[in-house]
Amino acid sequence: MAIERLTISLESGLAAAVRDAAVTDEQNMSAWLADAARRRLVTRGLHDVVADWEAVHGEFTEAELARARAELGH
């Protein structure tokens, strides 16, 4: 796997929170941020799937959303 080195800038409070989370999760910051980026890309893909479904079938109802949240434990 090819690795590309990036330089990023974060607000100091966010950087501290990321650093703390990486330590808690027993990862280095690069691994933690890579995982966060992967999750965000998956989330974007899911938003696209939902938008496509709603374009064909209409928006989800409040009852459907409530049932989905209940099944997900939210």
Side-chain angles (χ1 to χ4, degrees):
M1 165 179 35
I3 301 292
E4 184 174 343
R5 183 178 209 106
L6 302 174
T7 301
I8 64 167
S9 298
L10 300 173
E11 296 173 7
S12 60
L14 177 59
V18 168
R19 199 173 291 112
D20 291 345
V23 168
T24 299
D25 293 347
E26 298 179 349
Q27 294 182 313
N28 63 47
M29 284 187 63
S30 292
W32 197 93
L33 287 168
D35 183 56
R38 279 187 210 93
R39 289 171 187 261
R40 179 66 175 115
L41 289 169
V42 167
T43 300
R44 282 181 67 185
L46 291 174
H47 284 285
D48 293 343
V49 168
V50 169
D52 290 346
W53 192 93
E54 288 183 326
V56 173
H57 303 284
E59 292 185 17
F60 286 102
T61 66
E62 286 301 316
E64 290 170 325
L65 292 172
R67 190 173 80 209
R69 285 184 188 105
E71 288 182 25
L72 293 171
H74 294 292

Do Met29 and Leu14 land in one hydrophobic cluster if side-chain heavy atoms of ILVMFWY residues count as linked below 4.5 Å? yes
The side-chain hydrogen bond (donor to acceptor under 3.5 Å, both in side chains) partners of Asn28 (sequence neighbours excluded) come to none
Which salt bridge (Lys or Arg N to Asp or Glu O under 4.0 Å) pairs, counting each pair once, include a residue from residues 62-74, with sequence neighbours left out? Arg67-Glu71
Tell me whether Ile8 shares a hydrophobic cluster with Val18, the cluster being built from Ile, Leu, Val, Met, Phe, Trp, Tyr side chains joined at under 4.5 Å. yes
Tell me, please, which residues at least two apart from Arg19 pass salt bridge (charged side-chain N to carboxylate O under 4.0 Å, His left out). none
Gln27 and its side-chain contact (heavy atoms from CB on, under 4.5 Å) partner, picked from Val23, Asp25, Thr24: Asp25
Pairwise distance CG(Leu10) to CG(Leu33) - rounded to 0.5 angstrom: 7.0 Å
Inspect the contact between Arg44 and Asp48 and indicate whether a charged nitrogen and a carboxylate oxygen are less than 4.0 angstrom apart. no
Do Val56 and Asp52 come within less than 4.5 Å of each other through their side chains, counting heavy atoms only? no
Does Glu54, at its CD atom, have more than 12 non-hydrogen atoms belonging to other residues, nucleotides or ligands within less than 6.0 Å? yes
